[in-house]
Amino acid sequence: MTQHFIVIGNPISHSQSPTIHQVFAEQVGIDISYQRQYCPDDDASFGAVVEAFFNGGGIGANVTVPFKQSAYTYCQTQGGLSEHARVAGAVNTLLLKNSTLYGDNTDGQGLVNHMISLGWTLTDARVAIIGAGGAARGVILPLIEAGIGALTLSNRTLSRAQTLVTELSAASPLVAQHTIATRTTNELTGEFDIVINATSIGLSDATLPLSDTLRTHFAYDMMYGRPLNFLQHFAARGARVSDGYGMLINQAALSFARWTGQAVNVERATDTLLQDAK
Ligand code: ATR
(Lines give C-alpha, C1' and ligand atoms only; values in the text may rest on other atoms or scores of the structure.)
Protein backbone atom coordinates (compact mmCIF):
# COMPACT_ATOMS: atom_id res chain seq x y z
CA MET A 1 0.00 0.00 0.00
CA THR A 2 1.27 3.47 -0.91
CA GLN A 3 2.40 5.53 2.08
CA HIS A 4 1.70 9.27 1.77
CA PHE A 5 4.05 12.11 2.70
CA ILE A 6 4.18 15.86 2.07
CA VAL A 7 6.50 18.82 2.55
CA ILE A 8 4.68 21.99 3.61
CA GLY A 9 6.18 25.37 2.69
CA ASN A 10 5.71 28.74 1.03
CA PRO A 11 7.22 28.92 -1.55
CA ILE A 12 7.48 25.19 -2.13
CA SER A 13 8.00 24.57 -5.85
CA HIS A 14 11.81 24.47 -5.43
CA SER A 15 11.77 21.76 -2.73
CA GLN A 16 13.99 18.77 -3.46
CA SER A 17 12.42 16.65 -0.71
CA PRO A 18 10.09 14.65 -3.02
CA THR A 19 13.05 13.59 -5.18
CA ILE A 20 15.22 12.73 -2.18
CA HIS A 21 12.53 10.65 -0.43
CA GLN A 22 11.65 8.83 -3.65
CA VAL A 23 15.29 7.74 -3.95
CA PHE A 24 15.22 6.55 -0.32
CA ALA A 25 11.97 4.63 -0.89
CA GLU A 26 13.34 2.89 -3.97
CA GLN A 27 16.50 1.98 -2.10
CA VAL A 28 14.61 0.22 0.71
CA GLY A 29 11.84 -1.09 -1.56
CA ILE A 30 8.72 0.66 -0.30
CA ASP A 31 5.96 2.41 -2.23
CA ILE A 32 5.53 6.08 -1.34
CA SER A 33 3.90 9.22 -2.65
CA TYR A 34 5.70 12.39 -1.53
CA GLN A 35 4.13 15.70 -2.63
CA ARG A 36 4.94 19.39 -2.29
CA GLN A 37 2.18 21.13 -0.30
CA TYR A 38 1.79 24.89 -0.72
CA CYS A 39 0.23 26.64 2.27
CA PRO A 40 -0.82 30.29 2.78
CA ASP A 41 1.50 31.99 5.25
CA ASP A 42 -0.63 32.00 8.40
CA ASP A 43 -0.93 29.69 11.38
CA ALA A 44 -4.60 28.84 10.83
CA SER A 45 -3.94 27.65 7.27
CA PHE A 46 -0.95 25.66 8.46
CA GLY A 47 -3.05 23.90 11.12
CA ALA A 48 -5.77 23.15 8.57
CA VAL A 49 -3.28 21.63 6.11
CA VAL A 50 -1.72 19.46 8.81
CA GLU A 51 -5.09 18.21 10.09
CA ALA A 52 -6.42 17.46 6.62
CA PHE A 53 -3.29 15.53 5.74
CA PHE A 54 -3.10 13.36 8.86
CA ASN A 55 -6.90 12.86 9.07
CA GLY A 56 -6.66 11.61 5.49
CA GLY A 57 -4.22 8.86 6.44
CA GLY A 58 -0.91 10.66 5.80
CA ILE A 59 2.13 9.08 7.45
CA GLY A 60 4.57 11.97 7.73
CA ALA A 61 5.18 15.58 6.77
CA ASN A 62 8.25 17.74 6.45
CA VAL A 63 7.95 21.40 7.32
CA THR A 64 10.05 24.08 5.70
CA VAL A 65 10.26 27.89 5.51
CA PRO A 66 8.31 29.76 6.88
CA PHE A 67 6.44 27.18 8.98
CA LYS A 68 9.04 25.55 11.25
CA GLN A 69 8.07 27.80 14.19
CA SER A 70 4.33 27.44 13.46
CA ALA A 71 4.77 23.67 13.53
CA TYR A 72 6.59 23.95 16.85
CA THR A 73 3.75 26.00 18.38
CA TYR A 74 1.17 23.64 16.93
CA CYS A 75 2.84 20.54 18.41
CA GLN A 76 3.53 22.30 21.71
CA THR A 77 -0.15 23.11 22.17
CA GLN A 78 -1.79 20.12 20.46
CA GLY A 79 0.72 17.28 20.53
CA GLY A 80 4.27 16.41 21.54
CA LEU A 81 7.81 17.51 20.77
CA SER A 82 11.18 15.76 20.65
CA GLU A 83 13.98 17.22 22.76
CA HIS A 84 15.73 18.56 19.64
CA ALA A 85 12.53 20.25 18.43
CA ARG A 86 11.80 21.66 21.89
CA VAL A 87 15.25 23.19 22.28
CA ALA A 88 15.41 24.38 18.66
CA GLY A 89 11.96 25.96 18.97
CA ALA A 90 11.31 24.60 15.50
CA VAL A 91 9.90 21.45 13.88
CA ASN A 92 10.91 20.06 10.48
CA THR A 93 9.32 16.60 10.80
CA LEU A 94 5.74 15.69 11.75
CA LEU A 95 4.35 12.24 12.47
CA LEU A 96 1.62 10.60 14.49
CA LYS A 97 2.64 8.91 17.72
CA ASN A 98 -0.19 7.03 19.45
CA SER A 99 -2.65 9.04 17.31
CA THR A 100 -1.12 12.32 18.57
CA LEU A 101 0.80 14.73 16.40
CA TYR A 102 4.51 14.70 17.24
CA GLY A 103 7.10 17.22 16.08
CA ASP A 104 10.77 16.43 15.66
CA ASN A 105 13.70 18.40 14.30
CA THR A 106 16.32 16.44 12.34
CA ASP A 107 18.24 19.45 10.93
CA GLY A 108 20.96 19.63 13.58
CA GLN A 109 21.53 15.87 13.70
CA GLY A 110 21.61 15.92 9.90
CA LEU A 111 24.50 18.40 10.06
CA VAL A 112 26.32 16.28 12.67
CA ASN A 113 25.84 13.08 10.67
CA HIS A 114 27.10 14.74 7.51
CA MET A 115 30.25 16.05 9.22
CA ILE A 116 30.92 12.59 10.66
CA SER A 117 30.50 11.01 7.20
CA LEU A 118 33.04 13.54 5.85
CA GLY A 119 35.50 12.23 8.44
CA TRP A 120 35.57 15.49 10.42
CA THR A 121 36.36 14.92 14.11
CA LEU A 122 33.75 16.47 16.38
CA THR A 123 35.04 15.16 19.70
CA ASP A 124 36.60 18.09 21.60
CA ALA A 125 36.59 20.17 18.40
CA ARG A 126 36.88 23.94 18.86
CA VAL A 127 33.82 25.13 16.97
CA ALA A 128 32.70 28.60 15.87
CA ILE A 129 29.19 29.17 14.55
CA ILE A 130 28.48 32.38 12.63
CA GLY A 131 24.83 33.40 12.84
CA ALA A 132 22.31 33.50 15.65
CA GLY A 133 18.99 32.91 13.90
CA GLY A 134 16.88 29.79 13.53
CA ALA A 135 19.55 27.84 11.66
CA ALA A 136 22.12 28.34 14.46
CA ARG A 137 19.52 27.57 17.15
CA GLY A 138 18.79 24.19 15.60
CA VAL A 139 22.35 22.88 15.51
CA ILE A 140 23.82 23.89 18.87
CA LEU A 141 22.37 21.08 21.05
CA PRO A 142 23.15 18.29 18.52
CA LEU A 143 26.75 19.56 18.20
CA ILE A 144 27.18 19.60 21.97
CA GLU A 145 25.69 16.09 22.20
CA ALA A 146 28.21 15.00 19.55
CA GLY A 147 30.98 15.93 21.97
CA ILE A 148 32.41 19.20 20.64
CA GLY A 149 34.73 21.22 22.90
CA ALA A 150 34.60 24.99 23.36
CA LEU A 151 31.97 26.74 21.27
CA THR A 152 32.02 30.33 20.06
CA LEU A 153 28.82 31.86 18.77
CA SER A 154 29.38 34.92 16.62
CA ASN A 155 26.91 37.21 14.95
CA ARG A 156 26.76 40.58 13.22
CA THR A 157 24.41 41.65 16.02
CA LEU A 158 26.15 40.54 19.22
CA SER A 159 23.07 40.91 21.45
CA ARG A 160 21.24 38.31 19.36
CA ALA A 161 24.04 35.77 19.96
CA GLN A 162 23.96 36.52 23.70
CA THR A 163 20.18 36.14 23.81
CA LEU A 164 20.39 32.83 21.97
CA VAL A 165 22.91 31.44 24.48
CA THR A 166 20.71 32.58 27.38
CA GLU A 167 17.59 31.03 25.86
CA LEU A 168 19.24 27.73 24.92
CA SER A 169 20.89 27.46 28.35
CA ALA A 170 17.49 27.92 29.99
CA ALA A 171 15.99 25.24 27.71
CA SER A 172 18.72 22.60 28.05
CA PRO A 173 20.96 21.66 31.00
CA LEU A 174 23.48 20.22 28.52
CA VAL A 175 23.79 23.59 26.79
CA ALA A 176 23.88 25.39 30.15
CA GLN A 177 26.90 23.29 31.24
CA HIS A 178 28.82 24.00 28.05
CA THR A 179 31.36 26.79 27.56
CA ILE A 180 29.93 29.16 24.94
CA ALA A 181 31.64 32.45 24.13
CA THR A 182 29.99 35.17 22.06
CA ARG A 183 31.68 37.58 19.59
CA THR A 184 30.68 39.93 16.83
CA THR A 185 31.55 38.32 13.51
CA ASN A 186 34.25 40.82 12.57
CA GLU A 187 35.96 40.15 15.92
CA LEU A 188 35.98 36.39 15.45
CA THR A 189 39.72 35.60 15.39
CA GLY A 190 42.07 32.76 16.32
CA GLU A 191 42.22 29.09 15.47
CA PHE A 192 39.25 26.72 15.30
CA ASP A 193 38.79 23.16 14.13
CA ILE A 194 35.39 23.82 12.57
CA VAL A 195 33.73 27.09 11.50
CA ILE A 196 30.07 26.88 10.49
CA ASN A 197 28.19 29.52 8.53
CA ALA A 198 24.62 29.51 9.84
CA THR A 199 23.71 32.97 8.52
CA SER A 200 21.32 33.56 5.65
CA ILE A 201 23.92 35.71 3.85
CA GLY A 202 24.28 33.15 1.04
CA LEU A 203 20.82 34.22 -0.14
CA SER A 204 22.21 37.69 -0.91
CA ASP A 205 25.31 38.95 -2.68
CA ALA A 206 26.78 40.31 0.55
CA THR A 207 29.90 38.75 2.08
CA LEU A 208 30.70 38.09 5.72
CA PRO A 209 33.42 40.29 7.21
CA LEU A 210 35.87 37.51 8.12
CA SER A 211 39.07 38.42 9.94
CA ASP A 212 42.36 37.50 8.26
CA THR A 213 43.51 36.04 11.56
CA LEU A 214 40.57 33.60 11.69
CA ARG A 215 41.84 30.10 10.92
CA THR A 216 40.08 26.74 10.72
CA HIS A 217 40.74 23.18 9.58
CA PHE A 218 37.18 22.65 8.38
CA ALA A 219 34.57 25.13 7.11
CA TYR A 220 30.91 24.21 6.66
CA ASP A 221 28.23 26.35 5.03
CA MET A 222 24.69 25.25 5.86
CA MET A 223 23.53 26.75 2.54
CA TYR A 224 23.96 25.01 -0.80
CA GLY A 225 23.17 25.48 -4.43
CA ARG A 226 25.21 28.58 -5.31
CA PRO A 227 28.86 29.63 -5.05
CA LEU A 228 29.51 30.50 -1.43
CA ASN A 229 32.09 33.19 -0.62
CA PHE A 230 32.44 31.80 2.87
CA LEU A 231 33.73 28.47 1.57
CA GLN A 232 35.95 30.09 -1.04
CA HIS A 233 37.54 32.21 1.70
CA PHE A 234 38.56 29.17 3.76
CA ALA A 235 39.36 26.85 0.85
CA ALA A 236 41.90 29.47 -0.32
CA ARG A 237 43.50 29.20 3.13
CA GLY A 238 43.84 25.41 2.99
CA ALA A 239 40.73 24.32 4.92
CA ARG A 240 38.56 21.36 3.95
CA VAL A 241 35.13 22.73 3.09
CA SER A 242 31.57 21.56 2.53
CA ASP A 243 28.28 23.14 1.60
CA GLY A 244 24.99 22.04 3.17
CA TYR A 245 23.72 19.66 0.49
CA GLY A 246 24.81 16.66 2.57
CA MET A 247 23.01 18.12 5.59
CA LEU A 248 19.83 18.25 3.50
CA ILE A 249 20.13 14.57 2.57
CA ASN A 250 21.03 13.54 6.10
CA GLN A 251 18.13 15.40 7.75
CA ALA A 252 15.84 13.78 5.18
CA ALA A 253 17.25 10.33 5.96
CA LEU A 254 16.55 10.87 9.66
CA SER A 255 12.95 11.93 8.93
CA PHE A 256 12.50 8.92 6.64
CA ALA A 257 13.75 6.62 9.39
CA ARG A 258 11.34 8.16 11.94
CA TRP A 259 8.41 7.59 9.58
CA THR A 260 9.20 4.20 8.09
CA GLY A 261 11.61 2.57 10.55
CA GLN A 262 13.98 2.07 7.60
CA ALA A 263 17.62 3.19 7.63
CA VAL A 264 18.85 4.32 4.24
CA ASN A 265 22.41 4.25 2.95
CA VAL A 266 22.88 8.02 2.68
CA GLU A 267 26.08 7.83 0.66
CA ARG A 268 24.49 5.59 -1.96
CA ALA A 269 21.38 7.79 -2.09
CA THR A 270 23.56 10.90 -2.55
CA ASP A 271 25.40 9.24 -5.45
CA THR A 272 22.06 8.42 -7.10
CA LEU A 273 20.77 11.98 -6.61
CA LEU A 274 23.92 13.57 -8.01
CA GLN A 275 23.89 11.14 -10.94
CA ASP A 276 20.21 11.90 -11.69
CA ALA A 277 20.88 15.67 -11.50
CA LYS A 278 23.46 15.46 -14.33
P1 ATR B 1 17.67 31.64 9.73
O2 ATR B 1 16.40 31.00 10.20
O3 ATR B 1 18.10 31.26 8.34
O4 ATR B 1 18.78 31.49 10.72
P5 ATR B 1 17.20 34.34 10.62
O6 ATR B 1 16.60 33.86 11.89
O7 ATR B 1 16.58 35.49 9.91
O8 ATR B 1 17.29 33.19 9.55
O9 ATR B 1 18.74 34.66 10.91
C10 ATR B 1 19.58 35.14 9.91
C11 ATR B 1 21.03 35.16 10.42
O12 ATR B 1 21.88 35.58 9.34
C13 ATR B 1 21.28 36.12 11.55
O14 ATR B 1 22.32 35.64 12.35
C15 ATR B 1 21.73 37.39 10.79
O16 ATR B 1 22.50 38.28 11.54
P17 ATR B 1 21.80 39.43 12.46
O18 ATR B 1 21.21 38.72 13.65
O19 ATR B 1 22.88 40.35 12.80
O20 ATR B 1 20.73 40.04 11.58
C21 ATR B 1 22.58 36.75 9.71
N22 ATR B 1 22.72 37.61 8.53
C23 ATR B 1 21.83 37.81 7.54
N24 ATR B 1 22.31 38.67 6.62
C25 ATR B 1 23.56 39.02 7.05
C26 ATR B 1 24.58 39.88 6.55
N27 ATR B 1 24.44 40.57 5.41
N28 ATR B 1 25.74 39.98 7.25
C29 ATR B 1 25.92 39.30 8.39
N30 ATR B 1 24.98 38.46 8.93
C31 ATR B 1 23.83 38.34 8.27
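Order of listing sets the numbers, starting from 1, for every ligand and every atom in it. For reference, positions follow the sequence shown, starting with 1. This one's a predicted model, so the numbers in the text were calculated from it and none came from an experiment.
Side chain to side chain, Thr106 and Asn92 meet the donor-acceptor criterion of an N or O pair below 3.5 Å.
The proximity of Thr185 to ligand 1, defined as any non-hydrogen pair under 4.0 Å, does not occur for either the backbone or the side chain. The proximity of Thr157 to ligand 1, defined as any non-hydrogen pair under 4.0 Å, involves the side chain as well as the backbone.
The closest non-hydrogen atom to atom 28 (N) of ligand 1, taken over Arg137, Arg156, Gln69, Met223, comes from Arg156. Checking Gly138, Pro209, Ser200 against atom 10 (C) of ligand 1, the nearest heavy atom belongs to Ser200.
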Full working for salt bridge (Lys or Arg N to Asp or Glu O under 4.0 Å) between Arg226 and Asp221: CA-CA 11 Å; Arg226 51 186 284 171; Asp221 200 314; over 6 Å; no
Could you check Thr93 against Ser255 for side chain to side chain donor-acceptor pair (under 3.5 Å), going step by step and ending with a plain yes or no? CA-CA 6 Å; Thr93 305; Ser255 300; 2.8 Å; yes
Arg237 and Asp212: CA distance, side-chain angles, deciding distance, salt bridge (Lys or Arg N to Asp or Glu O under 4.0 Å) verdict: CA-CA 10 Å; Arg237 287 160 179 77; Asp212 253 343; 3.1 Å; yes
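Checked against the 6.0 Å centroid criterion, the rings of His4 and Trp259 do not qualify as a close aromatic pair. Here His233 and Phe230 keep their ring centres 6.0 angstrom or further from each other.
Less than 4.0 angstrom separates some heavy atom of Ala135 from each of these atoms of ligand 1: 1 (P), 2 (O), 4 (O). Which parts of ligand 1 touch Ile201 is read off a 4.0 Å heavy-atom cut-off, strictly below it: atoms 26 (C), 27 (N), 28 (N). Heavy-atom contacts of Leu208 reach the following atoms of ligand 1: 29 (C) (cutoff under 4.0 Å).
Considering backbone and side-chain N/O of Thr199, none are found under 3.5 Å from N/O of ligand 1. Considering backbone and side-chain atoms alike, Gly131 places every N or O at 3.5 Å or more from each N or O of ligand 1. Polar contact with ligand 1: present for Ala132 (N/O pair, distance under 3.5 Å).
The nearest heavy-atom contact from the protein to atom 7 (O) of ligand 1 is Arg160 NH2, 4.3 Å. The shortest contact between atom 9 (O) of ligand 1 and any protein heavy atom is with Gly133 CA, 3.5 Å. Protein heavy atom nearest atom 14 (O) of ligand 1, with residue, atom name and distance: Asn155 OD1, 2.7 Å. Closest to atom 8 (O) of ligand 1 among all protein heavy atoms lies Gly134 N, 4.4 Å.
Under a cut-off of 6.0 angstrom, the local environment of CD in Glu83 is crowded, with over 12 non-hydrogen atoms contributed by other residues, nucleotides or ligands.
Contact annotation: Ser204 has no heavy atom less than 4.0 Å from any atom of ligand 1.
Rounding to the nearest 0.5 Å places CD1 of Ile144 at 7.0 Å from OG of Ser172.
A side chain to side chain contact (heavy atoms under 4.5 Å, CB included) with Lys68 holds for exactly one of Asn62, Ile8, Asp107, Val91; it is Asp107.
Residues passing the salt bridge (charged side-chain N to carboxylate O under 4.0 Å, His left out) test with Asp243, sequence neighbours excluded: none.
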